[in-house]
Amino acid sequence: MPINRSITREYIGKPIRCKAAICRKSGEPLVIEEIEVDPPKSWEVRIKILYTSLCHSDLTFWKLDPSVPFAGFPRILGHEAVGVVESVGKYVEEVKEGELVVPVFLPNCGECRDCESTKSNNCSKFGSKPFLGMPRDGTSRFRDMNGEVVHHLLCVSSFSEYTVVDVTHLVKIAQDFPLDKACLLSCGVSTGVGAAWKVADVEKGSTVAIFGLGAVGLAVALGAKQRGASMIIGIDLNQNKFEIGKQFGVTDFVNPSTCKEKSVSEVIKDMTNGGADYCFECIGLASLMEEAFNSSREGWGKTVIIGVEMHGSPLTLNPRTMLRGRTITGSLFGGIKPKSDLPLLAQKYLDKELNLDGFITQEVDFKDINKAFDYMVQGKSIRCIIRMDH
């Protein structure tokens, strides 16, 4: 059944009541409650969310210890989504009511030195703003029915029928783009494909090693395959990931638990005759980052760190191992500049050059959102799409 994309002008300039899935305690099921969503302030947009999906980062924030400064309970999670503009605040000219948009966690103001540069996708104007509220003033646009403030997540909070997003965190896409695929552009898939295309710049005939075959790792494989990599090695403890990985271009598989007396890096060096040209760490463990670097080829091997180290562990490398030309670099959102690059990725899907369909393993209704968490915790999901109920 087609999802309802229509909007009403009834609440423009006024708070709107809707349902949201609220994370009230670390690791506990989300609670669907009625909340009140404020109208957008200057440079802000209120969106009717149509589809959202569950990213592993949502799982990380869901499990955060309440003592962590930016844990922020109660909170509305979710940052991969697609929606339609319900209303806009003062000074917003980029989008208008009724247009289809994809919210993104990474800001793109288009005005600062970093946004104007081709060297990175940082935004020095809004890139280090608060996790708990809106980027310009740090306050929330959500309240529960008791008047208590409900915090934001990554400036998106898509597990709500309506949310408010700063215009720097919004990308307009083609109005005929398939809605259930559009939310995949918000984070994981774009991160992986972008890391292969923009950060590593994988070339034809090269060898690639990917540590972690979740959605991001599989997207790296997809990007490397499209660039013509001759060997794409997936490293994962889940043996079932090899069959899944083949669909995205993985040609070889290494299960660290079966390497016996050899380290993973030694196995990869044997497979690639000296080390992979490009290595990608997609888990977020300092030990794996080191192993990925050690798996790269002397002379020109490049290691791209995509995973977020959430344990505070330092990365330790022997400086001597870098003297022969190996490099290591970080990558946030795969080097993607949201406003200019996401429409290009969307067009590649429409041109059948980018497979988004294969990432979708389940779809649930909003009322069953906790099933999406169960699927991911059990390792059964690449991406579970959540259809909002209107």
Side-chain angles (χ1 to χ4, degrees), residues 1-40 44-55 58-59 61-62 72-88 97-98 100-103 105 132-134 139-165 169-170 179-180 182-183 186 362-376 383-390:
M1 182 175 63
I3 199 163
N4 181 14
R5 293 175 55 167
S6 64
I7 57 171
T8 174
R9 297 181 59 85
E10 181 181 357
Y11 297 101
I12 291 180
K14 304 174 184 177
I16 189 170
R17 287 190 177 186
C18 68
K19 294 190 185 315
I22 299 179
C23 178
R24 289 201 168 272
K25 292 185 179 179
S26 176
E28 292 191 0
L30 306 188
V31 182
I32 296 183
E33 303 178 19
E34 190 170 69
I35 63 165
E36 197 167 71
V37 183
D38 288 336
E44 295 176 358
V45 180
R46 190 161 61 186
I47 305 168
K48 176 184 179 180
I49 297 295
L50 303 176
Y51 280 91
T52 184
S53 52
L54 181 64
C55 174
D58 293 309
L59 200 70
F61 281 99
W62 175 58
F73 298 101
R75 178 178 237 169
I76 298 175
L77 304 174
H79 63 283
E80 290 190 345
V82 62
V84 61
V85 175
E86 180 266 344
S87 59
V88 301
E97 297 160 17
L100 200 64
V101 290
V102 169
F105 74 93
L132 301 179
M134 297 298 292
T139 63
S140 175
R141 301 293 174 266
F142 305 123
R143 290 180 304 280
D144 65 15
M145 288 298 95
N146 295 319
E148 181 183 8
V149 168
V150 180
H151 300 295
H152 293 243
L153 174 73
L154 298 176
C155 300
V156 176
S157 290
S158 59
F159 293 169
S160 173
E161 291 179 325
Y162 287 85
T163 188
V164 178
V165 178
H169 288 264
L170 273 183
L179 296 177
D180 58 338
C183 55
S186 287
Q362 298 92 11
E363 181 178 317
V364 299
D365 289 333
F366 184 42
K367 61 183 176 61
D368 298 317
I369 190 170
N370 286 302
K371 288 184 179 179
F373 282 79
D374 293 339
Y375 289 137
M376 183 165 283
R383 276 295 181 268
C384 181
I385 303 299
I386 300 159
R387 176 190 171 104
M388 304 303 286
D389 302 323
H390 297 291

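Position 1 is the first residue of the sequence, and the numbers go up from there. Reckoned from all heavy atoms, side chains included, excluding hydrogens, waters and symmetry mates.
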For Ile386 against Ala372, the heavy-atom pair lying closest together: CD1-CB, 4.2 Å
So, the side chain of Arg75 versus the backbone of Ser157: is there a donor-acceptor pair under 3.5 Å, distance only? no
Here the gap from Tyr51 atom OH to Asp180 atom CG, rounded to the nearest 0.5 Å, amounts to 5.5 Å
Given side chains that start at C-beta, do those of Leu59 and Met376 come closer than 4.5 Å, heavy atoms only? yes
Could you list the residues that satisfy salt bridge (Lys or Arg N to Asp or Glu O under 4.0 Å) with Glu363, not counting sequence neighbours? none
Considering only heavy atoms from C-beta outward, does the side chain of Thr163 approach that of Ser158 to under 4.5 Å? no
Determine whether Met134 and Val164 make a side-chain contact, defined as any pair of heavy atoms from C-beta on separated by less than 4.5 Å. yes
Please list all pairs meeting side chain to side chain donor-acceptor pair (under 3.5 Å) that have one or both residues in residues 9-22, counting only residues at least two apart or in different chains. Arg9-Glu97
Would the distance check show the side chain of Lys48 and the main-chain N or O of Ser6 forming a donor-acceptor pair, the cut-off being under 3.5 Å? yes
Can you name the side chain to side chain contact (heavy atoms under 4.5 Å, CB included) partners of Val149, sequence neighbours left out? Ser140, His151
Begin with the C-alpha distance, continue with both residues' side-chain angles, and end with the deciding distance and a verdict on side chain to side chain contact (heavy atoms under 4.5 Å, CB included) for Cys155 and Val165. CA-CA 6 Å; Cys155 300; Val165 178; 5.8 Å; no
How close do Arg46 and Gly13 get, heavy atom to heavy atom, and via which atoms? NH2-N, 4.5 Å
What are the two closest non-hydrogen atoms of Pro74 and Ile22, and how far apart are they? CB-CG2, 3.7 Å
In Å and rounded to the nearest 0.5 Å, what is the OG to CZ distance from Ser53 to Phe159? 7.5 Å
Nearest 0.5 Å, what's the CD1-CD distance between Ile35 and Glu161? 9.0 Å
Between Asp144 and Asn146 (side chain of the first, backbone of the second, donor and acceptor by atom type, cut-off under 3.5 Å), is there such a pair? yes
Hey, does Leu179 have a side-chain heavy atom less than 4.5 Å from the side chain of Leu100? yes
Which pair of heavy atoms, one from Val156 and one from Phe105, lies closest together, and at what distance? CG2-N, 4.1 Å
Least distance between heavy atoms, Gly78 atom then Leu153 atom: N-CD2, 3.6 Å
Show your working on salt bridge (Lys or Arg N to Asp or Glu O under 4.0 Å) between Arg143 and Asp38 and close with a plain yes or no. CA-CA 8 Å; Arg143 290 180 304 280; Asp38 288 336; 2.9 Å; yes
Could you tell me whether the side chain of Trp62 and the main chain of Leu77 form a donor-acceptor pair under 3.5 Å? no
Locate the shortest heavy-atom distance separating Pro103 from Leu170; write the atom from each residue and the value. CA-CD2, 3.9 Å
With a 4.5 Å limit on heavy-atom distance, are the side chains of Thr52 and Met388 in contact? yes
Checking Asn370 side chain against Pro29 main chain: does a donor-acceptor pair fall under 3.5 Å? no
Side chains of Val101 and Val84, heavy atoms from C-beta outward: is any pair under 4.5 Å? no
With rounding to the nearest 0.5 angstrom, report the OG to CD1 distance, Ser87 to Ile16. 8.0 Å
Side chain proximity check, Ile76 to Ser160, heavy atoms < 4.5 angstrom: yes
Distance-only polar pair, side chains of Glu80 and Ser186, donor-acceptor under 3.5 Å: no
Walk me through it: do Glu36 and Cys18 pass the test side chain to side chain contact (heavy atoms under 4.5 Å, CB included)? CA-CA 7 Å; Glu36 197 167 71; Cys18 68; over 6 Å; no
With rounding to the nearest 0.5 angstrom, report the NE2 to CG distance, His79 to Leu54. 9.0 Å
Verdict with reasoning, Phe142 to His152, per ring-ring contact (aromatic ring centres under 6.0 Å, His included): CA-CA 8 Å; Phe142 305 123; His152 293 243; 4.4 Å; yes
Is there a side-chain contact between Ile47 and Tyr162 in this structure, where contact means two heavy atoms from C-beta onward sitting under 4.5 Å apart? no
Can you tell me how far CZ of Arg141 sits from CD of Glu44, rounded to the nearest 0.5 angstrom? 4.0 Å
